[in-house]
Amino acid sequence: MMNLDYLNEVQREAVKCTDGPMMILAGAGSGKTRTLVSKIEYLLKEKKIPSYNILAMTFSNRAAREMRERIQSLSEGMPLSQLLVTTFHSFCARLLRTEANYIGLSRNFSIYDDSEMISVIKNILNRRGISQKEIHPQEIKYYINLVKNKGYFKGCADYEVFAKIDDEIDKDDLFYEIYEEYERELHTSNAVDFGGLIVGVLELFAKHPKILERYQKRFKYLLVDEYQDTNRAQFLFVLLLSEVHKNICVVGDEDQSIYSWRGADINNILDFENYFPEYQYFKLEQNYRSSKNIIDAASHVINQNRMRKGKVMWTDNQGGEIIEVIECLDDTTEAKFITEKILELVDSGVPYSKIAIFYRNNSQSRVIEDSLRKFRIPYKIVGGIKFYDRKEIKDLLSYMKLITNDKDSLSLSRIINSPARGIGAVSLRKLETEAIKNQLSLYELIKDVVNQKDHYSHLKVSSKVFSALSEFVELIESVKLMEKNEDLPSHCYEKILEDSGYLGNLKSVKSYENMARIENLKELLSGIRQFEMACISNKEKPTLSLFLESITLDNSSASEEEEYTDPVVLMTVHSSKGLEYEYVIVSGLEENLFPSAMSLDEGEDRLEEERRLFYVAMTRAMKKLYLSFSKGRLLWGKVQFQDPSRFLFEIPEEYYTWKAFGGRKKNPKKILKKKTEDSYIDYGDEFSQVAPEEDFDSSSSTRYNASSQGADLLASGLAVRHSLYGEGVVVRTEGYGTNEKVTIKFKQGTTKKFLRKYTPLEVLE
DNA sequence: GTTGCGCAGATTTTT
DNA sequence: TCTGCGCAAC
């Protein structure tokens with residue numbers, strides 16, 4: 001008999017209740033993952049369900065990974081290779097690849113991310129002569145996503161509804177036309193966007209009931225995590241899959257629903273009983289994570305929301321430390337408060353990695369990073385790393401997408417002229433028009449032009465362009481051959497890099513920027529190698545298209561060099577969901593920032609979502625919570641005066657103390673040391689005095705050993721000499737470690753940005 | 001066809 | 001402040 005003693009009463013009941021529809025409402029920190037993992041273990045061990053019959057779906061890759069690992073560690077010796085714990089998106093991608101031909105795709109289809117979606121839309125607008133000022137591509141994107149998130153597709157039962165009537169999707173005929181054109185465009189490119197992955201499966205199931213039946217039979221037990229984040233399309237998908245066995249278990253928390261802007265539909269929780277009247281219902285309300293003080297404060301905040309099923313969080317934990325609200329003069333001061341607080345905590349023995357800093361939007365991280373860097377506090381940013389957004393990376397990925405899917409004209413047009421081959425916009429446009437005329441994909445046409453030059457004499461392709469085209473085709477064909485012969489993705493990659501001239505081009509101009517690019521391309525290579533290794537250990541064949549899929553669907557796994565063992569963690573509140581830290585600092589608690597200005601314009605529902613977001617932030621903290629805000633903030637070049645967030649006043653006074661940091665006395669409650677006050681006035685100096693020379697290594701082994709970088713600490717205002725450009729002054733620094741970038745203003749008047757590790761700089765006294 | 005400059009507009013949140 | 005776009009010059 002499996003040991004369930006480590007579960008509480010409700011958890012245990014939820015685990016044992018395996019058959020029929022059920023919903024677990026799990027409050028923050030109530031052991032949700034633990035329950036889910038035990039339930040799967042229970043199914044496997046007690047009910048002897050083959051892992052092949054279980055499907056567990058999560059929303060994020062991180063959650064899927066975590067759950068998989070935990071199940072693996074619990075089930076030694078159990079055959080788990082068939083157990084599916086994945087995200088909606090990767091599951092649907094896999095399913096679509098297997099069944100692709102049923103819906104007119106081939107299995108090597110490309111997956112378009114958001115920016116590619118925008119590119120397609122821009123192309124369409126251009127073609128129609130619509131300026132981007134008249135209709136913002138973003139607006140179209142939003143509309144298309146709305147349609148897909150609701151699970152509508154052409155030919156679906158509610159097709160008419162989606163086209164004209166659905167009152168949320170209230171757009172005119174032009175939008176609808178563009179939507180249709182967009183769908184055609186993707187289809188001819190053999191590509192699918194994020195939303196299309198889910199909707200594609202719905203369409204497949206609707207049109208081929210036999211296939212649906214096959215999957216229904218296989219997945220006898222369905223588990224859905226983060227149920228509050230599912231959109232309508234995902235809900236319909238789950239509904240279909242579970243129709244036969246009805247063994248569906250959803251786990252969620254309506255108070256942590258923070259993705260409505262991406263289509264998450266809170267009604268999926270509120271309406272569950274309409275679809276499954278006989279459903280069982282469990283509430284996990286005991287919180288194991290946070291101190292009583294934090295729980296009570298957070299409960300008071302979330303209680304202001306009307307759209308709830310209603311849970312009452314409680315805990316056996318101690319009262320714990322009081323919450324601190326910190327009023328700061330401006331954003332720089334706030335960053336300084338954060339820095340000092342971290343140093344203070346670390347001095348008292350807290351490891352860096354037990355401390356997290358949250359903010360409402362990504363742009364807020366910069367100021368904080370700058371300050372942390374000045375004190376050499378190791379930090380890591382979760383999410384927000386845009387490795388795959390870099391130009392050179394996108395270019396090489398486009399090459400590879402074209403190799404796996406030669407109908408992908410978007411990728412082709414991206415790289416046809418990079419490196420510059422003398423095929424500019426004019427030639428491209430000419431080829432595109434011809435391709436459309438001949439019903440060919442762009443690549444097919446180009447290949448045709450190269451092979452049968454005479455047929456295309458009317459195009460008047462210059463000999464220069466022609467030879468560029470044939471060289472290009474030759475390259476693509478040879479790599480396609482490699483891919484076909486199952487050569488490793490990394491070999492294909494290297495071939496492209498060399499033979500396209502991309503690398504040579506970067507090497508030919510010796511600039512620091514190019515060196516950084518080359519470095520990134522190397523990093524991509526090691527990413528590919530890593531992927532290959534992972535495949536091999538999973539006994540899976542490493543193919544290019546699998547690699548491409550893994551990075552479009554999960555960009556968190558990539559390029560996460562674990563540079564420091566023990567860093568402070570920075571992230572947006574959104575990405576903090578599901579995580580916990582002993583010490584949490586939520587920054588920027590100001591009106592129009594958190595809650596965001598946009599949500600304030602859009603009515604009560606959006607405000608409630610912001611409040612849930614704040615609730616999520618608060619409930620990440622285990623021991624102590626700091627809530628900071630600035631009275632002034634530098635926003636696009638100007639200082640804006642900010643009011644403290646309304647959410648602060650929703651916390652009953654007994655749960656917090658209000659302190660001020662920096663600036664003149666204003667709030668009577670504040671307890672301000674004289675020293676801090678002074679430090680604000682000439683803080684630039686104080687930073688450079690205190691920061692660099694302290695011996696960080698002697699006190700604690702967990703601290704980042706700064707000297708290992710072998711570089712001087714650079715701070716704004718420092719005079720330096722650059723071997724090429726001469727003397728200058730550091731204007732600012734960003735990034736950290738090997739990614740540290742430094743902007744220098746030179747005496748001759750130019751300002752340049754360098755990647756630190758390539759830049760020989762001499763610090764002048 | 002390519003490069004470089006100047007201006008306008010932008011900030012939620014992400015699979 | 002930063003980015004992306006359009007336009008003009010080479």
Side-chain angles (χ1 to χ4, degrees), chain A residues 57-64 86-93 111-115 117-118 122 126 131-133 136-138 141-142 145 148-149 193-198 226 229-231 233-234 257-264 358-367 382-386 389 391 417-429 462 464-465 468 549-557 571-577 588 592-602 606 609-610 612-614 616-617 633-640 731-732 734 743 751 753:
Chain A
M57 255 172 314
T58 67
F59 191 69
S60 74
N61 291 289
R62 190 179 55 209
T86 54
T87 66
F88 278 98
H89 292 272
S90 23
F91 179 76
C92 288
I111 298 173
Y112 281 2
D113 65 16
D114 259 29
S115 69
M117 208 175 162
I118 291 283
K122 280 182 182 169
N126 274 339
S131 130
Q132 291 178 33
K133 278 169 196 147
H136 287 243
Q138 286 288 352
K141 188 191 94 179
Y142 181 77
N145 280 333
K148 296 194 174 187
N149 288 338
D193 59 22
F194 281 123
L197 290 171
I198 317 287
E226 305 285 14
D229 289 333
T230 53
N231 61 36
Q234 290 160 333
S257 164
I258 54 175
Y259 285 105
S260 73
W261 49 274
R262 205 173 63 190
F358 300 158
Y359 33 80
R360 175 66 236 266
N361 40 240
N362 278 310
S363 58
Q364 289 167 254
S365 76
R366 251 226 357 236
V367 189
V382 173
I385 316 162
K386 305 251 168 74
D389 279 354
K391 184 183 174 298
N417 204 30
S418 55
R421 297 183 171 89
I423 307 165
V426 179
S427 305
L428 185 63
R429 179 62 57 82
S462 71
K464 195 182 110 204
V465 171
E549 179 177 310
S550 77
I551 55 173
T552 25
L553 257 35
D554 180 10
N555 49 21
S556 66
S557 68
M571 69 186 95
T572 63
V573 181
H574 278 89
S575 30
S576 79
K577 190 155 67 84
N592 294 318
L593 184 62
F594 196 179
S596 77
M598 280 187 172
S599 70
L600 290 177
D601 288 348
E602 285 174 34
R606 298 284 283 125
E609 175 146 327
E610 293 286 312
R612 289 194 291 269
L613 195 55
F614 182 51
V616 167
R633 183 172 291 273
L634 207 60
L635 279 169
W636 56 101
K638 278 199 152 178
V639 176
Q640 306 277 318
V731 181
R732 71 169 229 254
E734 53 195 306
T743 311
T751 305
K753 200 192 250 185

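All values below come from the heavy atoms of this structure, side chains included, with hydrogens, waters and symmetry mates left out. By convention in this document, chain letters (A, B, ...) are assigned in the order of the sequence lines, proteins followed by strands, and residues within each chain are numbered from 1. Note that the structure is predicted; figures quoted are calculated from it, not measured.
- Shown here are the ring pair (Phe, Tyr, Trp, His ring centres under 6.0 Å) partners of A:F194, two or more places apart in sequence or in another chain: A:H89.
- Whole-Å rounding puts the A:K577 NZ to B:dT15 C1' distance at 12 Å.
- B:dT14 atom C1' lies 14 Å from atom CG of A:L197, rounded to whole Å.
- Regarding A:D193, its CG atom lies at a distance of 19 Å from the P atom of B:dT14, rounded to whole Å.
- Take the nearest nucleotide of DNA chain B for A:L428 and for A:Q234: the residue whose nucleotide is more 5' is A:L428.
- Comparing A:S596 and A:V465 against DNA chain B, the residue whose closest nucleotide sits nearer the 5' end is A:V465.
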- Start with the C-alpha distance between A:S257 and A:R612, add both sets of side-chain angles, then the distance that settles side chain to side chain contact (heavy atoms under 4.5 Å, CB included), and finish with yes or no. CA-CA 7 Å; A:S257 164; A:R612 289 194 291 269; 3.9 Å; yes

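- Residues A:Q640 and A:N592 have side chains not in contact (no heavy-atom distance under 4.5 Å, counting atoms from C-beta outward).
- Heavy atoms of A:N417 sit under 4.0 angstrom from primed sugar atoms or phosphate atoms, though from no base atom.
- Of the possible polar contacts, one joining the A:N149 side chain to the A:R262 backbone as a donor-acceptor pair under 3.5 Å is found.
- Closest contact between the side chain of A:T87 and the listed nucleotides B:dT15, C:dC5, B:dT13 involves B:dT15.
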Which protein N or O atoms sit under 3.5 Å from an N or O of nucleotides 7-10 of chain C?
none

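- At whole-Å resolution of the value, CZ in A:R421 and P in B:dT2 are 11 Å apart.
- Whole-Å rounding puts the A:F88 CZ to B:dT15 C1' distance at 11 Å.
- Contact annotation: the side chain of A:T87 never approaches that of A:L553 to less than 4.5 Å [non-hydrogen atoms, C-beta and beyond].
- In this structure the side chain of A:Q364 never reaches within 4.5 angstrom of the side chain of A:F594, judged on heavy atoms.
- The aromatic ring of A:W261 sits over the base of B:dT13, with ring centres less than 5.5 Å apart and planes inclined by under 30°.
- In this structure, A:I118 atom CD1 and C:dT3 atom C1' are separated by 15 Å, rounded to whole Å.
- Put simply, A:N362 has a side-chain N or O that comes within less than 4.0 Å of OP1 or OP2 on B:dT13.
- A:E549 places no side-chain N or O within 3.5 Å of a backbone atom of A:I111 that could act as its donor or acceptor partner.
- Residues A:S260 and A:R606 are in side-chain contact: their nearest non-hydrogen atoms beyond the backbone lie under 4.5 Å apart.
- A 4.5 Å side-chain heavy-atom check between A:N417 and A:L428 finds every atom pair outside the cut-off.
- In this structure, A:Y259 forms no aromatic stack with the base of B:dT14, since the conditions of centre separation below 5.5 Å and plane angle below 30° are not both met.
- Nearest heavy atoms, A:C92 versus A:I198: SG-CD1, 3.9 Å.
- A:K464 places its NZ atom 7 Å from the C1' atom of B:dG1, with the value rounded to the nearest Å.
- Within 4.0 Å of A:S599, counting heavy atoms only, lies no atom of the nucleic acid at all.
- Counting any heavy atom pair closer than 4.0 Å across all strands shown, A:V426 reaches sugar-phosphate atoms only and no base atom.
- The side chain of A:R366 approaches C:dT1 more closely than any other nucleotide in the set B:dT15, C:dT1, B:dT14.
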Give each protein N/O atom lying under 3.5 Å from an N/O atom of nucleotides 7-11 of chain B, with the pair distance.
| from | atom 1 | to | atom 2 | distance (Å) |
| --- | --- | --- | --- | --- |
| B:dT11 | O2 | A:S363 | OG | 3.3 |

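- The nearest whole Å value for the distance from the OH atom in A:Y112 to the C1' atom in B:dT15 is 18 Å.
- Within 4.0 Å (heavy atoms only), A:F59 reaches sugar-phosphate atoms of the nucleic acid but no base atom.
- Counting heavy atoms from C-beta on, the side chains of A:Q234 and A:M57 never come closer than 4.5 Å.
- Comparing C:dG4 with B:dT13, their P atoms are spaced 15 Å from each other, to the whole Å.
- Among the heavy atoms of the strands lying under 4.0 Å from A:S575 are primed sugar atoms or P, OP1, OP2 only; no base atom is included.
- Counting non-hydrogen atoms under 4.0 angstrom, A:K122 reaches the backbone sugars and phosphates but no base.
- Taking only side-chain nitrogens and oxygens, A:S427 comes nearer than 4.0 Å to OP1 or OP2 of B:dG1.
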